[in-house]
Amino acid sequence: MPLRFYNTLTQKTEEFSTRDNVVRMYTCGPTVYNYAHIGNFRSFIFPDILRRWLRARGFTLKHVMNITDIDDKIIRDSVKAGKSLDEFTSVYTEAFLADTASLRVERPEHIVSAVKHIPEMIEAVQQLTERGHTYVSEGSTYYRISTFPEYGKLSHNDFSGIRAGARVDNDEYDKDDARDFVLWKAAKEGEPSWDTPIGVGRPGWHIECSAMAMKYLGDQLDIHTGGVDLTFPHHENEIAQAEGITGKQFVRFWLHAEHLSVDSQKMSKSLGNVYTLRDLGERGFPPEALRYLLGSVPYRKKLNFTFDGLKAAVTSIERLRNFQLRLWNTKLTEGTNPAAEERARVADSAFDEAMDDDLNTAEALGAVFEYVRETNSALDSGDFRVGNGPSALAFLAKFDSIFDVLRPTVLSVSMAPTEIETLIAERASAKKVRNFARADEIRKELADHGVVLEDTKDGKTNWKPAQS
RNA sequence: GGCGCGGUAGCCAAGUGGUAAGGCAGAGGCCUGCAAAGCCUUUAUUCGUCGGUUCGAUUCCGACCCGCGCCUCCA
């Protein structure tokens with residue numbers, strides 16, 4: 001079966017390909033008015049896994065993500081903090097980039113700042129005006145959605161019941177129609193603004209994504225990702241803007257990531273269940289645990305975050321790492337077992353098939369763990385030979401090229417390797433004379449330094465860092 | 001009210017018109033001086049409820065119940 005994704009636009013799972021094997025992809029990035037929480041990261045780990053899988057399937061990526069560094073909340077909070085826009089947003093932009101880096105989220109080819117693209121947004125608004133899609137009211141420019149009959153096609157909302165031209169009373173805005181949205185906001189006292197041909201003011205939120213996406217990716221994108229909550233109105237408005245200008249289909253595939261809840265409830269400050277990556281770190285969880293947890297549930301399925309789930313992720317990762325260590329450390333007998341090669345082949349194709357099916361990571365992991373169990377069993381029985389090593393390591397490497405969790409972030413070992421080896425040798429001598437008390441004492445000492453020992457059948461002792 | 005998603009073992013979760021992947025946790029066992037790691041057995045006669053279609057439905061259809069999201073800013 002070919003690679004396929006569920007497309008919000010058509011509400012169907014569709015085969016994916018591009019003419020030139022280049023994927024033009026846009027991801028709605030963060031609004032940098034605070035530290036990102038773990039729910040936000042689901043929306044960024046998803047496109048990361050998507051990127052990695054597309055590359056594994058031979059595509060070249062041209063991926064753009066925006067940083068929204070001008071909007072109402074930013075203005076509100078920066079004023080409150082007594083900081084300039086740039087002073088205020090740069091803190092959270094840096095934090096976001098650091099967090100996503102520690103979560104091993106690959107950097108898109110372009111990370112673009114909204115405030116650095118004001119001219120592009122002005123031009124987009126002007127083009128919409130030329131095409132009769134806008135009107136000005138009290139200095140602000142609005143998009144008149146009655147000029148875009150297809151409005152609602154992404155969110156599958158029917159807006160035909162809303163009367164075009166019916167004046168809507170609204171405390172804040174003076175719009176002709178309730179669904180019209182602002183493209184350019186007239187300047188207000190004490191707020192940052194730009195003096196431009198379309199007036200003194202600042203951009204509306206929606207226009208930045210359309211303008212920047214088209215600047216870097218052209219008129220038509222292959223994939224656009226974002227959280228489900230952005231489907232309406234943000235992405236609907238992006239379509240109205242871009243297609244209002246070009247008359248061409250803006251995006252072929254709209255992919256939306258479901259939300260994360262915490263203890264079955266929406267994250268909110270009042271419930272005290274908003275967690276950041278730093279919070280998890282303080283509780284002893286490394287970033288890859290969150291990465292695994294968020295990646296293990298298919299992106300279109302709601303995910304309920306619990307600390308038990310996070311612990312399970314840690315244990316699962318450890319199982320995979322142990323397997324990798326075993327492959328590295330075990331002395332294998334000569335030869336190649338065809339059955340083991342077949343297992344690797346079956347697991348590999350099951351993994352591919354699962355990922356091709358709209359990134360079914362849960363099923364892909366099922367293939368991985370089944371393979372690990374069977375191969376551990378073969379290692380126990382000696383049915384796994386030297387010649388089977390490469391296919392096993394290759395499969396594990398493929399898994400890790402997508403999930404990227406095998407490399408430990410924190411090496412909690414607080415002892416030099418030579419010293420560890422010396423103690424292991426001393427323990428071996430103690431064991432030889434059945435001085436188990438001394439042997440256990442040494443093992444305890446090493447454990448206190450974050451070192452876990454494993455005695456193997458052939459009398460060797462391996463060590464590994466303790467899990468946090 | 002409109003649009004959309006979901007209800008599968010203690011928890012997370014995959015899946016199919018033909019009789020329930022995988023992970024975590026629990027229990028028992030093998031291995032081990034003891035551990036660690038690993039393996040084996042065990043844990044859903046059953047997939048929200050009630051009807052229907054079918055030789056056969058968890059999987060299709062209908063109704064209902066429950067949870068959630070969006071419809072204003074939101075990943």
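Order of the sequence lines sets the chain letters (A, B, ...), proteins ahead of strands, with each chain counted from 1.
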Could you measure between the two C1' atoms, the one in C31(B) and the one in U41(B), and give it in whole Å?
15 Å
May I ask which nucleotide in the shown strands pairs with C31(B), Watson-Crick or G-U wobble, both distances under 3.5 Å?
none
Output yes when at least one side-chain N/O atom of R76(A) is less than 4.0 Å from OP1 or OP2 of C73(B), else no.
no
Check this one for me: any side-chain N or O of T31(A) less than 4.0 Å away from OP1 or OP2 of A75(B)?
yes
Both distances under 3.5 Å, Watson-Crick or G-U wobble: report the partner of A37(B), or none.
none
Per atom distances to the W205(A) side chain, the nearest of G33(B), A75(B), C73(B) is C73(B)
Using a 4.0 Å heavy-atom cut-off, does G39(A) contact any base of the nucleic acid, only the sugar-phosphate backbone, or nothing at all?
base
Interatomic distance, H37(A) NE2 vs A75(B) P [rounded to whole Å]
7 Å
With P as the reference atom in both, quote the distance from A75(B) to G69(B) in angstrom, rounded to an integer.
15 Å
Does A35(B) have its OP1 or OP2 closer than 4.0 Å to a side-chain nitrogen or oxygen of K444(A)?
no
Out of G67(B), A35(B), C74(B), minimum distance to the side chain of R443(A) belongs to A35(B)
Student check: side-chain heavy atoms of Y92(A) and Y35(A) closer than 4.5 Å
yes
Base, sugar-phosphate, or nothing for K457(A), non-hydrogen atoms under 4.0 angstrom?
nothing
Counting only Watson-Crick pairs (N1-N3 plus N6-O4 or O6-N4) and G-U wobbles (N1-O2, O6-N3), all under 3.5 Å, who is the partner of U42(B)?
G26(B)
Strictly below 4.0 Å, N to O, side chains only: are R427(A) and E445(A) in salt-bridge contact?
no
In whole Å, I'd like the distance from the CG atom of D158(A) to the P atom of G1(B).
17 Å
Earlier contact from the 5' end, RNA chain B, for Q11(A) and E258(A)
Q11(A)
Identify the residue among T68(A), D77(A), V32(A), T31(A) that makes a side chain to side chain contact (heavy atoms under 4.5 Å, CB included) with T89(A).
V32(A)
Could you tell me how far C30(B) sits from G22(B) if I compare only their P atoms? Round to whole Å.
24 Å
With the side chain defined as heavy atoms from C-beta on, N376(A) is closest, among G38(B), A14(B), C34(B), to G38(B)
Rounded distance (Å) that lies between atom C1' of A35(B) and atom CD1 of I442(A):
15 Å
With both distances under 3.5 Å as the test, what is the Watson-Crick or G-U wobble partner of C55(B)?
G18(B)
Name all residues meeting the side-chain contact (heavy atoms from CB on, under 4.5 Å) criterion together with E441(A); count only those two or more places apart in sequence or in a different chain, and write none if there are none.
R438(A)
Any idea which of A75(B), G33(B), G7(B) is nearest the K431(A) side chain?
G33(B)
Please assess Y151(A) against Y143(A) for the test ring-ring contact (aromatic ring centres under 6.0 Å, His included), listing each intermediate value before the final yes or no.
CA-CA 11 Å; Y151(A) 193 78; Y143(A) 192 109; 7.4 Å; no
Counting C-beta onward and ignoring hydrogens, is there a side-chain heavy-atom pair between T225(A) and F44(A) closer than 4.5 Å?
no
Applying a 3.5 Å limit to both distances, which nucleotide forms a Watson-Crick or G-U wobble pair with C3(B)?
G69(B)
Integer angstrom distance from the C1' of G28(B) to that of C61(B)
46 Å
Suppose you measure atom P in A9(B) against the same atom in A14(B); what distance do you get, rounded to whole Å?
12 Å
Remember a base hit wins even if backbone is also touched, and classify F232(A) as base, sugar-phosphate or nothing at under 4.0 Å, heavy atoms.
sugar-phosphate
Base, sugar-phosphate alone, or nothing: which one does L230(A) contact when heavy atoms must sit under 4.0 Å apart?
sugar-phosphate
Is there a side-chain contact between T361(A) and S296(A) in this structure, where contact means two heavy atoms from C-beta onward sitting under 4.5 Å apart?
no
Check step by step if side chain to side chain contact (heavy atoms under 4.5 Å, CB included) holds for H235(A) and S155(A).
CA-CA 9 Å; H235(A) 292 162; S155(A) 55; over 6 Å; no
Nearest to the V297(A) side chain among C34(B), A75(B), A13(B), which nucleotide is it?
A13(B)
Pairs: protein N or O with nucleotides 21-24 of chain B N or O, under 3.5 Å:
residue: A21(B); atom: N1; partner: A362(A); partner atom: O; Å: 3.4
residue: G23(B); atom: O2'; partner: S316(A); partner atom: OG; Å: 2.3

Between atom CZ in F44(A) and atom C1' in C74(B), what is the gap in whole Å?
12 Å
What's the CG-C1' distance between D229(A) and C3(B), to the nearest Å?
15 Å
Contact class for P30(A) (heavy atom, under 4.0 Å): base, sugar-phosphate, or nothing?
nothing
Side chain to side chain contact (heavy atoms under 4.5 Å, CB included) between I74(A) and L85(A): does it pass, once the steps are laid out?
CA-CA 7 Å; I74(A) 291 172; L85(A) 213 55; 3.6 Å; yes
Check the geometry between H156(A) and G4(B) and answer yes if their rings are stacked (centres below 5.5 Å, planes below 30°), otherwise no.
no
Quick note, K301(A) side chain, CB onward, closest among G7(B), C68(B), C74(B) is G7(B)
Check ion pair R443(A)-D440(A) (N to O, under 4.0 angstrom):
yes
Looking across every strand, which nucleic acid part, if any, lies under 4.0 Å from D455(A) by heavy atom: base, sugar-phosphate, or nothing?
base
Select base, sugar-phosphate, or nothing to describe what L293(A) touches, counting heavy atoms under 4.0 Å on all strands.
nothing
From the list A36(B), A13(B), G2(B), which nucleotide is the closest neighbour of the side chain of N157(A)?
G2(B)
With a 4.5 Å limit on heavy-atom distance, are the side chains of R291(A) and D48(A) in contact?
yes
Which nucleotide, if any, forms a Watson-Crick or G-U wobble pair with C50(B), using both distances under 3.5 Å?
G62(B)
Taking the side chain of D380(A) as heavy atoms from C-beta outward, which of A14(B), C34(B), G38(B) is closest to it?
G38(B)
Let me know the distance between CZ of R300(A) and P of G7(B), rounded to the nearest Å.
12 Å
OP1 or OP2 of A36(B) versus the side-chain N and O atoms of N462(A): is any pair under 4.0 Å?
no
E208(A) CD to C74(B) C1', straight-line distance once rounded to whole Å
14 Å
With rounding to whole Å, what would you report as the distance between G2(B) and U59(B) at their C1' atoms?
29 Å
Round to the nearest Å and state the distance from N66(A) atom CG to C74(B) atom P.
11 Å
C1' spacing across the pair C50(B) / A13(B), given as an integer number of angstrom:
27 Å
Are R107(A) and M65(A) packed together at the side-chain level, in the sense that at least one heavy-atom pair is separated by less than 4.5 angstrom?
no
Identify, between L320(A) and G29(A), the residue whose nearest nucleotide on RNA chain B lies closer to the 5' end.
L320(A)
Nearest-Å distance once atom P is located in both G48(B) and G29(B):
36 Å
